[in-house]
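So the structure is just underneath, and the comments pick up after that.
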2 protein chains.
Amino acid sequence: MRSDDVPEIRELTLFRALADDAFETLIRGAYLQTFPPTVELIREGDSPDFLHVLVEGGVELFSGWHRRETTLSMLAPVSTFILAATITDRPYLMSARTVSKSRVALIPSEDVRTVFDADRDFANAIVNELADCFRASIKHAKNVKLRSSVERLANYLLCEVAAQGGGSEEGQITLPYEKRLIASWLGMTPENLSRAFGSLRPYGVKVEGALVHLSDMSSLRRLAKPTPLIDDPAS
Amino acid sequence: MRSDDVPEIRELTLFRALADDAFETLIRGAYLQTFPPTVELIREGDSPDFLHVLVEGGVELFSGWHRRETTLSMLAPVSTFILAATITDRPYLMSARTVSKSRVALIPSEDVRTVFDADRDFANAIVNELADCFRASIKHAKNVKLRSSVERLANYLLCEVAAQGGGSEEGQITLPYEKRLIASWLGMTPENLSRAFGSLRPYGVKVEGALVHLSDMSSLRRLAKPTPLIDDPAS
DNA sequence: CATGGCGCTTGATCTAAATCAAACCTGGCC
DNA sequence: GGCCAGGTTTGATTTAGATCAAGCGCCATG
């Protein structure tokens, strides 16, 4: 494992409270690989041999069912996947694929479980991480079941502009993923995402490729009606 | 707390591995209440003062957003809610309401966190319970995003007949909840659920009130295409 | 036993989104 | 610099599901 990446991995909430020797145990048995885009790292149904850590790039968690496919999560560095499968040693429910050139650390699941048994702080961190994942999944289900596709897009844009340091009235974002991936995560087709962007034009939303300008966020908020119980990742 | 209920609560996976004194700590501070149907036990956004244990009856976990509402989970005895909120001490993301006369134990969240800090086996059980909740939520999101409403109903019936001890070709179930609640959980209106039942008639599905007869389960499976990665609660 | 309320079913209509097709645009590769 | 492939946009059409309305049936209550 390149020592360059270790500090960034150490700083992850999951690992931060770990005793040094416990962290060393995990890192010593891990290895790091760089993957080009569109490589399938995990296939749903498979056994979770590793806890993956995305160090650089981007990863999509998705699932398929008889010629249909949907995106369930989009991961940014630095983050782990899939802790719930690793800790319970049950088959992956989701597949994972790189969406851009990515560097991923693979930590053997057995090592994770060994340290989990031994290190109290790690157990605490795991509990909080699992609770966060579960809460994120509930928010996603609420988003999909309670809102129309235009409402989901509007709220997505408001979240993204907050994450990218925009103002409270105007802002600009660069979409972090291809539009067809965002469409899939939001539960719609790429054509429909395009039409949804179009229907937000009267609310001050202007699209130029991957660049999106928001010039009337009050108006957009009135349409979107954001709530921290769905839209705030930290809540 | 009535001593009648304590053995059933003790047998829950979450509490089974607890040391006797730790379990006593939880039970001593808890109290038990009986509620009539349609009582709101939890409101989303509120602070999680208690971990609830459903001892008898039924509870629906649901969420609302500007005049819209959806069911996110239907709980049967004996089960707990909402562990993720209790353990992280963050606001409830879902509301809970009784769907029939129910007996519910309320265990103070502080006691839960105290025992979590002190009892290693409890920490393990909590991790597994959270992972299970997260996995169930992923399966629900997959069901909602990947399947049509008829496919969701067909798979629901196949699951329910397996849970109620039906055969592999024919079976009969009693719907455990009102149809409008099942419709909400499956992500459709009551009218649409009725029509979905109707469109399953050619597949051997016959409805009489809350009683459902399945007389051609091979045919129904070919339509439903069940997969353990969505439909098996134990997988 | 009668009445009223709520859940469910059915019919008619509307709408949001998917599907299919075609054209355009952009970026990467030769 | 040109070409090609993939992503995106736009148009037309279809479809799944929602909405609205009305009627029926069942269960609980008086």
Side-chain angles (χ1 to χ4, degrees), chain A residues 36-38 58 60 65-71 74 97-101 143-156 174-201 205-212 223-224, chain B residues 36-38 58 60 65-71 74 97-101 143-156 174-201 205-212 223-224:
Chain A
T38 74
E60 167 200 10
W65 182 75
H66 294 284
R67 288 191 184 72
R68 294 180 206 157
E69 191 176 287
T70 191
T71 301
M74 298 179 289
R97 119 190 357 125
T98 55
V99 299
S100 56
K101 187 183 178 192
N143 201 19
V144 167
K145 290 182 89 178
L146 289 167
R147 289 170 168 164
S148 71
S149 51
V150 171
E151 289 163 344
R152 297 199 290 279
L153 174 62
N155 277 287
Y156 174 79
T174 302
L175 294 175
Y177 308 94
E178 289 182 348
K179 283 175 182 169
R180 69 192 170 86
L181 177 56
I182 294 173
S184 180
W185 187 74
L186 291 175
M188 67 181 89
T189 61
E191 297 96 328
N192 201 39
L193 179 67
S194 216
R195 299 189 221 280
F197 269 116
S199 72
L200 290 181
R201 212 173 280 132
V205 175
K206 191 181 177 193
V207 183
E208 288 170 14
L211 232 56
V212 181
L223 165 77
Chain B
T38 73
E60 168 201 9
W65 182 74
H66 295 284
R67 289 188 181 75
R68 295 179 207 158
E69 192 177 286
T70 191
T71 301
M74 298 179 288
R97 130 200 334 137
T98 56
V99 299
S100 56
K101 187 182 178 194
N143 201 19
V144 167
K145 291 181 87 176
L146 289 167
R147 289 170 167 164
S148 70
S149 50
V150 171
E151 288 163 344
R152 297 198 291 278
L153 174 62
N155 277 288
Y156 174 78
T174 302
L175 295 176
Y177 308 93
E178 290 183 348
K179 283 176 181 169
R180 68 194 170 88
L181 176 57
I182 294 173
S184 181
W185 188 74
L186 291 175
M188 67 181 89
T189 61
E191 297 96 329
N192 202 39
L193 179 67
S194 218
R195 301 189 220 281
F197 269 116
S199 70
L200 291 180
R201 212 172 279 131
V205 175
K206 190 180 178 193
V207 183
E208 288 169 14
L211 232 56
V212 182
L223 164 77

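Here is the naming used below: chain letters follow the sequence lines, and residue numbers restart at 1 for every chain.
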Checklist entry - With distance as the sole test, does A/R97 use its side chain to make a donor-acceptor pair with the main-chain N or O of A/E60 at under 3.5 Å? => result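 No, A/R97 side chain to A/E60 backbone: no donor-acceptor pair under 3.5 Å.
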Item to check | Side-chain donor or acceptor of B/K145 paired with backbone N/O of A/L186 under 3.5 Å | outcome: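 Between the backbone of A/L186 and the side chain of B/K145 there is no qualifying donor-acceptor contact (under 3.5 Å).
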Specify the separation, in whole Å, of atom [atom1] of [X] and atom [atom2] of [N].
X: B/R68; N: D/dT19; atom1: CZ; atom2: C1'; result: 13 Å
X: A/E208; N: D/dG7; atom1: CD; atom2: C1'; result: 18 Å
X: A/L186; N: C/dA16; atom1: CG; atom2: C1'; result: 16 Å
X: A/L193; N: D/dG7; atom1: CG; atom2: P; result: 14 Å
X: B/E178; N: D/dC27; atom1: CD; atom2: P; result: 12 Å
X: A/R147; N: C/dA16; atom1: CZ; atom2: C1'; result: 17 Å
X: B/L181; N: C/dC6; atom1: CG; atom2: C1'; result: 15 Å
X: A/L200; N: C/dA16; atom1: CG; atom2: P; result: 14 Å

I'd like to know if [X] reaches the base of [N] with its side chain such that a donor and an acceptor end up less than 3.5 angstrom apart.
X: B/R195; N: D/dT15; value: no
X: A/R180; N: D/dT9; value: no
X: B/E191; N: D/dC20; value: yes

Next on the checklist: Quick check on C/dA17: is either OP1 or OP2 less than 4.0 Å from any side-chain nitrogen or oxygen of A/S149?
Outcome noted: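 Indeed, a polar side-chain atom of A/S149 lies that close.
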Checklist entry - Any side-chain N or O of A/S148 less than 4.0 Å from the OP1 or OP2 oxygen of C/dA16? => result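 No, A/S148 has no side-chain N/O under 4.0 Å of OP1/OP2 on C/dA16.
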I want to verify a distance call: between [options], whose nearest atom is closest to the [X] side chain?
X: B/V207; options: D/dT9, D/dG7, C/dT9; result: C/dT9
X: A/S194; options: D/dT9, C/dA18, D/dG17; result: D/dT9
X: B/N192; options: C/dA18, C/dC8, D/dA18; result: D/dA18

Checklist entry - Do B/E178 and B/V99 come close enough that some side-chain heavy atom pair is under 4.5 Å? => result no
Checklist entry - How long is the span from the OG1 atom in B/T70 to the CE atom in B/M188, to the nearest 0.5 Å? => result 11.0 Å
Next on the checklist: Both conditions, 6.0 Å and 45 degrees, for the charged tip of B/K206 above the ring of B/F197: are they met here?
Outcome noted: no
